[in-house]
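I have placed the structure first, in the form of structure tokens, so that the comments after it can refer back to it.
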Amino acid sequence: MTTTGHRFDALTAEYMRAAGSWKWSTPGESHGRGLIGAFVAEMDYPVADAVAGAVRRSADASLFGYLPDAWVGDMAAACSSFWGDRFSWAPDPAWVRPVPDVLTAFTATVRHFTRPGSPIVLPTPAYMPFLTVPAMVDRELVTVPMARDGDRFVLDLEGIDRAFAAGAGLLVLTNPHNPTGRVLDDAELAAVTEVVERHGVRVFADEIHAPLTFDGHRHRPYAASSEAAAAHTVTATSASKAWNTPGLKCGQVVLSNAADAEHWTATGYLAEHGTATPGVLATTAAYRDSRDWLDEVLAYLDGNRALLAGADLPGLRVTVPEGTYLAWLDGRGLDLDEPPSAFLAREAGVVLTDGAACGDAGRGGMRLNLAMSRPVLAEALDRLRTALFDT
Ligand SMILES: Cc1ncc(COP(=O)(O)O)c(C=O)c1O
């Protein structure tokens with residue numbers, strides 16, 4: 001169904017372009033039509049009332065000063081309670097610390113929780129900044145292409161094992177996974193732990209997409225999967241993907257053992273410092289007061305997934321996500337002499353993330369952001385289909 005009667009259906013391309021988000025700001029047109037933005041990971045949906053209310057109250061009462069401990073505590077308690085209810089793991093709120101974003105959590109983890117100079121292991125295709133940020137903190141990057149198990153992407157544990165044997169010190173474990181949409185199962189998490197423990201190394205668990213796990217799949221926090229995992233992991237998350245607030249600059253580092261919590265207390269100040277006060281208040285409102293909104297969004301996204309699953313996209317191999325609102329489209333079968341994303345931006349007017357930006361393993365692929373209104377997604381899929389038929 002391309003209309004649902006849901007209020008999100010009214011979020012037309014014209015409305016989104018006028019609002020001016022990054023996703024809708026690519027200039028140009030295709031065959032006389034405006035471009036449809038389907039790249040950067042933000043949703044077109046208006047935020048939850050409680051989140052908007054928290055930002056409004058911040059402005060009304062000029063709550064733009066430094067962060068009081070009490071508000072950090074409220075946010076940490078709200079995050080812990082949400083994780084406890086949804087993922088059966090309620091971390092000690094004292095071990096949930098504010099950071100502006102997950103990338104800051106990542107650089108702080110590299111600096112303070114890994115062997116100095118040790119390379120970083122990244123399964124690819126990957127969230128794009130993980131390919132470039134390690135060099136910015138003077139670390140070598142070792143990419144390990146993911147393997148395919150039918151339609152699912154899976155970790156290449158032997159490749160990860162080899163990277164650790166060669167001296168790497170940290171695995172970036174993104175779960176649910178951007179850009180492949182995988183939600184790892186318990187056996188896969190246990191297999192990661194076995195390799196990591198054997199080498200005495202660390203895991204940075206990026207679980208920013210955890211609340212966006214679809215029915216039929218279950219997000220298990222990596223640090224909660226075993227005592228060993230808790231001992232070698234720094235987890236990062238945020239309400240910013242699931243509640244659509246990345247510009248509010250509030251994420252969370254979750255420590256899972258006393259030694260790491262103590263070490264964070266000694267080293268984490270700079271990372272915490274950039275957290276935005278209104279973002280903390282909005283994040284509390286998201287985790288504590290906006291669960292119905294999240295469920296509504298998940299149901300709507302699920303309908304968008306179904307539309308993608310049923311779409312006729314000749315020559316593309318489509319991976320429907322288990323979690324996240326990002327879908328992987330493999331265009332290598334098209335055999336074009338340009339990146340499929342460039343072809344489709346020009347011919348279909350749909351702006352996707354080019355797979356090569358996710359690492360060499362992503363070359364020829366594309367990432368499609370499904371978090372738009374159903375009618376706009378239907379138009380995007382129709383444009384893709386027409387362009388593909390014409391190749
Ligand atoms: C897997 C993953 N990690 C991190 C981020 C960035 O998060 P932040 O804006 O909190 O740095 C994103 C954003 O899309 C993401 O998908």
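Each ligand, and each atom within it, is numbered from 1 in the order the structure gives.
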Worksheet item: Run the ring pair (Phe, Tyr, Trp, His ring centres under 6.0 Å) check on Tyr287 and Trp243 step by step: do they pass?
Response: CA-CA 9 Å; Tyr287 284 131; Trp243 283 273; 5.3 Å; yes
Worksheet item: Which ligand 1 atoms are under 4.0 Å away from a heavy-atom of Asn178?
Response: 1 (C), 15 (C), 16 (O)
Worksheet item: Would you say Phe130 has any N or O atom under 3.5 Å from an N or O of ligand 1, going by distance alone?
Response: no
Item to complete: Determine, stepwise, if the pair Phe113 / Phe204 fulfils ring pair (Phe, Tyr, Trp, His ring centres under 6.0 Å).
Response: CA-CA 9 Å; Phe113 289 84; Phe204 176 73; over 10 Å; no
Practice prompt. Pull out every atom of ligand 1 sitting under 4.0 Å from any heavy atom of Leu103, numbered as shown with elements.
Written response: 11 (O)
Practice prompt. Taking only heavy atoms of Thr174 into account, list the atoms of ligand 1 that are under 4.0 Å away from them.
Written response: 1 (C)
Discussion item. Show me which atoms of ligand 1 lie under 4.0 Å from any heavy atom of His209.
Written reply: 1 (C), 15 (C), 16 (O)
Discussion item. Quick test of your reading of the structure: of Asp101, Leu212, Thr104, whose heavy atom lies closest to atom 8 (P) of ligand 1?
Written reply: Asp101
Worksheet item: Hey, does Val102 come in under 3.5 Å of ligand 1, counting only N/O atoms on both sides?
Response: yes
Item to complete: Examine the side chains of Tyr66 and His273 and answer whether a donor and an acceptor come within less than 3.5 Å of each other.
Response: no
Worksheet item: Is any N or O atom of Asp206, backbone or side chain, closer than 3.5 Å to an N or O atom of ligand 1?
Response: yes
Response to the item:
ligand 1 to Ala41, heavy atom cutoff 4.0 Å, flagged ligand atoms 14 (O)
Worksheet item: Does His177 have a heavy atom less than 4.0 Å from any atom of ligand 1?
Response: no
Discussion item. Just to be sure I'm reading this right: ignoring hydrogens, which of Glu207, Lys241, Glu42 gets closest to atom 14 (O) of ligand 1? Compare them by their nearest heavy atoms.
Written reply: Lys241
Worksheet entry | Whether Thr3 side chain and Gly5 backbone form a donor-acceptor pair below 3.5 Å | no
Worksheet item: Under 3.5 Å between some N or O of ligand 1 and some N or O of Tyr127?
Response: no
Fill in: Any donor-acceptor N or O pair under 3.5 Å, side chains His31, Glu347
yes
Discussion item. Using a 4.0 Å cutoff against the non-hydrogen atoms of Ile208, which atoms of ligand 1 qualify?
Written reply: 1 (C), 2 (C), 3 (N), 5 (C), 7 (O), 10 (O), 15 (C)
Item to complete: Classify the side-chain pair His177/Thr180 by whether it contains a donor and acceptor separated by less than 3.5 Å.
Response: yes
Fill in: Summary of salt bridge (Lys or Arg N to Asp or Glu O under 4.0 Å) pairs that have at least one residue in residues 15-36, sequence neighbours excluded
Lys23-Asp44
Discussion item. Taking the cut-offs as 6.0 angstrom to the six-membered ring centre and 45 degrees off its axis, would you call Arg148 and Phe153 a cation-pi pair?
Written reply: yes
Worksheet item: So, Arg367 and Asn178: side-chain donor and acceptor under 3.5 Å apart, yes or no?
Response: yes
